[in-house]
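All remarks here apply to the structure that follows.
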Amino acid sequence: MSKPSLARGTRDFGPEQMAKRTFIFDTIRRSFQRYGFLPLETPAFENLSVLMGKYGEEGDQLLFKILNSGDFSGKLTDADWQAGSKPLTTKISEKGLRYDLTVPFARYVVMNRGTLAMPFKRYQIQPVWRADRPQKGRYREFYQCDADVVGTDSLLCEAEIVMLLHDILPALGITDFTVKINNRKILTGIADMIGAHGMEGPLCVAIDKLDKIGKEKVVEELLERGFASDSIDKLEPIFSLSADEDPFTELKSWLGESEVALKGIQELEEVWAMVKILGLENAKIEFDVTLARGLSYYTGAIFEVKANNVQIGSISGGGRYDNLTGTFGVPGISGVGISLGVDRIYDVMEELNLFPESQKTSTKVMISNFDEEAFTYGLSILPKFRKAGINSEIYPDSVKLKKQLDYADRKSIPFVILIGSDEIQSGLLTLKNMKTGEQQKLKTEDIITLLNREDQ
RNA sequence: GAGGUUGUAGCUCAGUUGGUUAGAGCGCCAGAUUGUGGUUCUGGAGGUCGCGGGUUCGAGACCCGUCUCCCUCCCCA
């Protein structure tokens with residue numbers, strides 16, 4: 001047939017990339033564990049009833065659906081075919097690939113609530129899938145690293161997420177970043193305030209572009225989106241809101257009549273205060289009224305992390321959701337969490353050249369294969385290296401030394417052991433340092449101690 | 001879901017207004033050097049020009065469709 005190709009928006013990760021990705025995963029996992037989060041994994045696919053309706057209309061469209069197995073179309077009637085694609089889809093597809101890690105987590109909590117120690121803190125590092133159109137920093141299969149706490153309303157969780165981010169990102173070398181924070185309650189309050197109850201979604205989408213397209217265009221867009229012009233006039237304070245001098249006080253006087261908004265502001269102030277007590281130095285947190293986030297399940301604080309000086313979307317996002325388990329029949333469990341996008345973090349680190357050098361965990365020593373006798377001898381000593389914890393291999397074919405050394409060179413193997421008749425007779429093997437080209441004759445045991453010493 | 005753009009050797013790319021057998025650099029393989037890699041020199045292999053159709057005496061080039069890369073919008077990690 002034709003040449004093979006990758007499915008759109010997917011990638012392979014070769015050995016070199018894997019070394020870098022592993023570095024990211026390990027760093028994140030270590031931080032998660034340091035904050036008391038426990039590991040969890042859930043299936044790649046879920047019943048669509050679990051997934052649908054949790055991410056808003058946009059999200060539902062981006063779900064990868066799995067065709068029912070077997071004769072999925074055999075039972076369909078003419079009426080089904082004519083009913084249109086939406087009802088038809090529900091008949092032929094019952095499962096879908098997970099869209100994020102939060103909803104499957106909520107499902108897990110509901111199903112296991114009797115056995116979990118509440119509040120329950122879990123972390124989860126797995127791929128998710130979205131039928132999005134690929135772009136820079138946007139893939140159809142990508143990894144998320146989530147940490148969530150459920151079963152407590154305490155704003156400590158929000159504060160800890162801030163701490164966690166300030167722990168992980170610098171550990172990866174990303175020091176220039178901004179943690180933007182807002183609160184859905186404030187947005188709700190604003191929408192009420194201007195007489196556009198429940199319209200905070202479209203409102204935020206437009207306001208979010210303020211620094212990009214300017215006030216006039218934003219007003220234009222708001223009109224297009226159906227906001228009354230006297231409503232827009234009432235938004236004036238937002239346009240002039242300054243981040244520098246205590247935005248909360250300004251907001252409070254403006255939104256004083258809105259109970260929800262005041263609650264939201266108060267929550268954020270408390271988070272700020274707690275972060276201060278926790279002793280965060282060099283805090284890179286910033287209040288941003290225009291931060292909205294589309295996922296419809298957030299109800300309290302919302303976060304977004306942006307790496308500065310890099311042309312890429314946010315590398316992390318999250319927030320509090322008061323009633324996610326409510327949709328699964330168990331109300332009253334509040335949760336808050338953060339999700340880090342490994343693939344974007346990778347791109348950021350690549351662009352800023354932040355990966356530490358030698359990430360390779362490759363072979364430490366290779367035994368050459370001169371002829372059959374030497375090969376047999378090599379086979380007898382190879383296990384000694386492995387038992388001593390030294391990554392080692394023997395060249396499988398008895399080809400020219402040139403080729404074998406070339407192989408070692410390409411694989412960046414630092415040492416090669418040359419064995420010929422002389423070496424077999426004397427028991428003194430030739431150890432070649434591939435970097436310096438130096439060679440010395442040593443006993444097997446001495447080579448082992450030498451190589452082990454090298455690691456320190 | 002809307003719009004724009006790209007696709008030629010393993011990689012990065014040339015290829016004139018349509019004209020014989022499609023090129024370069026790097027990489028790869030072999031030899032120079034039958035027990036020594038990274039340098040150098042010499043030689044060699046490798047392409048259904050994304051895929052399908054059309055126009056033409058003739059298409060890598062023009063037209064239509066389709067897939068893909070990248071980008072903007074939407075949304076997001």
Side-chain angles (χ1 to χ4, degrees), chain A residues 1-11 24 28 55-63 85 98-102 125-146 201-202 204-206 208-209 212-213 221 225 291-296 298 302-307 311-319 337-348 366 368-371 374 395 398-424 429-439:
Chain A
M1 291 278 285
S2 56
K3 289 178 186 172
S5 60
L6 281 168
R8 181 180 211 188
T10 65
R11 297 138 307 145
I24 299 175
I28 292 174
Y55 309 106
E57 213 172 302
E58 291 273 351
D60 282 356
Q61 281 175 1
L62 296 179
L63 278 172
S85 64
R98 77 165 97 78
Y99 178 91
D100 73 356
L101 301 177
T102 308
I125 300 178
Q126 288 189 278
V128 301
W129 295 269
R130 293 181 191 179
D132 215 342
R133 197 177 273 216
Q135 239 180 86
K136 180 170 188 178
R138 173 174 306 197
Y139 310 98
R140 302 183 103 177
E141 176 186 65
F142 60 97
Y143 273 75
Q144 289 195 325
C145 302
D146 277 32
C204 292
V205 168
D208 189 40
K209 294 177 189 162
K212 261 190 197 167
I213 60 176
E221 184 163 339
R225 286 175 182 270
L291 174 63
R293 299 195 55 76
L295 293 183
S296 51
Y298 294 119
I302 42 186
F303 306 95
E304 197 163 287
V305 182
K306 180 90 185 61
Q311 197 69 28
I312 211 159
S314 60
I315 54 177
S316 178
I338 190 78
S339 177
L340 290 130
V342 175
D343 304 83
R344 284 188 181 176
I345 289 174
Y346 183 101
D347 291 345
V348 167
M366 184 191 87
S368 71
N369 183 342
F370 183 54
D371 57 21
Y395 199 85
S398 168
V399 296
K400 281 187 185 167
L401 248 197
K402 180 186 164 87
K403 197 167 179 181
Q404 300 187 32
L405 289 171
D406 190 51
Y407 169 81
D409 192 40
R410 283 209 205 181
K411 217 171 153 181
S412 306
I413 298 174
F415 293 97
V416 172
I417 294 172
L418 301 169
I419 302 173
S421 48
D422 291 358
E423 283 85 352
I424 295 174
L429 312 180
T430 301
L431 179 71
K432 182 182 176 74
N433 183 323
M434 292 294 283
K435 223 180 199 167
T436 62
E438 276 177 290
Q439 299 191 178

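Residue numbering restarts at 1 for every chain, and letters A, B, ... go by the order of the sequence lines. Keep in mind that what you see is a predicted model, and the values were worked out from it rather than measured. Hydrogens, waters and symmetry mates play no part in the numbers below; they use all other heavy atoms, side chains included.
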Taking the same atom, [atom1], in [N] and in [M], what whole-Å distance lies between them?
{"N": "A22(B)", "M": "G47(B)", "atom1": "P", "result": "12 Å"}
{"N": "G25(B)", "M": "G43(B)", "atom1": "P", "result": "12 Å"}
{"N": "A24(B)", "M": "U33(B)", "atom1": "P", "result": "28 Å"}
{"N": "C71(B)", "M": "U56(B)", "atom1": "C1'", "result": "36 Å"}
{"N": "C49(B)", "M": "G15(B)", "atom1": "C1'", "result": "11 Å"}
{"N": "C28(B)", "M": "G10(B)", "atom1": "C1'", "result": "8 Å"}
{"N": "G52(B)", "M": "A59(B)", "atom1": "C1'", "result": "15 Å"}
{"N": "A14(B)", "M": "U8(B)", "atom1": "C1'", "result": "10 Å"}

Find every protein N or O atom lying less than 3.5 Å from an N or O atom of nucleotides 65-72 of chain B, and list the pairs.
residue : atom : partner   : partner atom : Å
C69(B)  : OP1  : Gly9(A)   : N            : 3.2
C69(B)  : OP2  : Arg8(A)   : NE           : 3.3
C71(B)  : OP2  : Lys136(A) : N            : 2.3
U72(B)  : OP2  : Gln135(A) : OE1          : 2.9

Heavy atoms from C-beta onward define the side chain here; which of [options] lies closest to that of [X]?
{"X": "Leu405(A)", "options": "U36(B), A77(B), C74(B)", "value": "U36(B)"}
{"X": "Ser421(A)", "options": "G35(B), A32(B), C74(B)", "value": "G35(B)"}
{"X": "Phe370(A)", "options": "A77(B), G35(B), C74(B)", "value": "G35(B)"}
{"X": "Leu418(A)", "options": "C74(B), A77(B), U36(B)", "value": "U36(B)"}

Measure the distance from [atom1] on [X] to [atom2] on [N] and round it to the nearest whole Å.
{"X": "Ile417(A)", "N": "G37(B)", "atom1": "CD1", "atom2": "C1'", "value": "17 Å"}
{"X": "Gln61(A)", "N": "G1(B)", "atom1": "CD", "atom2": "P", "value": "8 Å"}
{"X": "Tyr395(A)", "N": "U36(B)", "atom1": "OH", "atom2": "P", "value": "16 Å"}
{"X": "Gln126(A)", "N": "A77(B)", "atom1": "CD", "atom2": "C1'", "value": "16 Å"}
{"X": "Met366(A)", "N": "G37(B)", "atom1": "CE", "atom2": "C1'", "value": "10 Å"}
{"X": "Lys403(A)", "N": "C28(B)", "atom1": "NZ", "atom2": "P", "value": "12 Å"}
{"X": "Leu291(A)", "N": "A77(B)", "atom1": "CG", "atom2": "P", "value": "11 Å"}
{"X": "Ile312(A)", "N": "C75(B)", "atom1": "CD1", "atom2": "P", "value": "19 Å"}

Using a heavy-atom cut-off of 4.0 Å across all strands, would you classify [X] as base, sugar-phosphate, or nothing?
{"X": "Glu304(A)", "result": "nothing"}
{"X": "Ile315(A)", "result": "sugar-phosphate"}
{"X": "Gly59(A)", "result": "nothing"}
{"X": "Gly313(A)", "result": "nothing"}
{"X": "Gln439(A)", "result": "base"}
{"X": "Lys432(A)", "result": "base"}

Partner residues of Leu405(A) under the side-chain contact (heavy atoms from CB on, under 4.5 Å) criterion, sequence neighbours left out =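 Here the qualifying residues are Val416(A), Lys432(A), Met434(A).
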Applying side-chain contact (heavy atoms from CB on, under 4.5 Å), name anything that partners Thr430(A), two or more places apart in sequence or on another chain.
->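 Expected list: Leu418(A), Glu423(A), Gln439(A), Lys441(A).
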Bracket string, RNA chain B, 5' to 3' - pairs by Watson-Crick or G-U geometry under 3.5 Å, | interstrand = ((((..(..((((.....[...)))).(((((.......))))).....(((((..]....))))))..))))....
Report the residues that fulfil salt bridge (charged side-chain N to carboxylate O under 4.0 Å, His left out) with [X], sequence neighbours left out, ordered by chain and then residue number.
{"X": "Lys402(A)", "value": "none"}
{"X": "Asp422(A)", "value": "none"}
{"X": "Arg8(A)", "value": "none"}

Check side chain to side chain donor-acceptor pair (under 3.5 Å) between [X] and all other residues, then give those that pass, not counting sequence neighbours.
{"X": "Asn369(A)", "answer": "none"}
{"X": "Glu141(A)", "answer": "Trp129(A)"}
{"X": "Glu438(A)", "answer": "Thr436(A)"}

Using the aromatic ring of Phe142(A) (for Trp, its six-membered ring), decide whether it stacks on the base of A77(B) within the limits of 5.5 Å and 30°.
->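 Here the ring of Phe142(A) and the base of A77(B) are stacked, with centres under 5.5 Å and planes under 30°.
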Counting distance only, does the side-chain N/O of Asp132(A) pair as donor-acceptor with the main-chain N or O of Pro134(A) below 3.5 Å?
->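 Not a single qualifying donor-acceptor pair exists.
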With a cut-off of under 6.0 Å to the ring centre and 45° to the axis, is Arg344(A) in cation-pi contact with Phe142(A)?
->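 Judged by the rule (NZ or CZ under 6.0 Å from the ring centre, within 45° of its axis), Arg344(A) is not positioned above Phe142(A).
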Arg410(A) side-chain N/O to C28(B) phosphate OP1/OP2 under 4.0 Å |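 Answer is yes, contact under 4.0 Å.
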Would you say a side-chain N or O of Lys435(A) is under 4.0 Å from OP1 or OP2 of G38(B)?
->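 Lys435(A) to G38(B) OP1/OP2: no side-chain N or O under 4.0 Å.
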Between Ser398(A) and Asp371(A), do the side chains contain an N or O donor and an N or O acceptor separated by less than 3.5 Å?
->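 Distance-only check fails for Ser398(A) and Asp371(A).
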When you check the side-chain N and O atoms of Asp100(A) and Tyr55(A), is any donor under 3.5 Å from an acceptor?
->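 Distance-only check passes for Asp100(A) and Tyr55(A).
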N/O donor-acceptor pair, side chain Asp406(A) with base G37(B), under 3.5 angstrom |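 Side chain to base: no pair present.
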State whether Asp343(A) and Arg11(A) are salt-bridged, where the test is any N-O pair (Lys NZ or Arg NE/NH1/NH2 against Asp/Glu carboxylate O) under 4.0 Å.
->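 Salt bridge between Asp343(A) and Arg11(A), a charged N being under 4.0 Å from a carboxylate O: yes.
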Please identify each residue that fulfils ring-ring contact (aromatic ring centres under 6.0 Å, His included) with Tyr395(A), with sequence neighbours left out.
->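 ring-ring contact (aromatic ring centres under 6.0 Å, His included) list for Tyr395(A), sorted by chain: Tyr407(A).
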Write down the protein N/O and nucleotide N/O pairs, taken from nucleotides 40-46 of chain B, whose separation is under 3.5 Å; answer none if there are no such pairs.
none

For Glu221(A) and for Gly318(A), locate the closest nucleotide of RNA chain B by heavy-atom distance; then report the residue assigned to the nucleotide nearer the 5' terminus.
->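 First, find each residue's nearest nucleotide; the 5'-ward one identifies Glu221(A).
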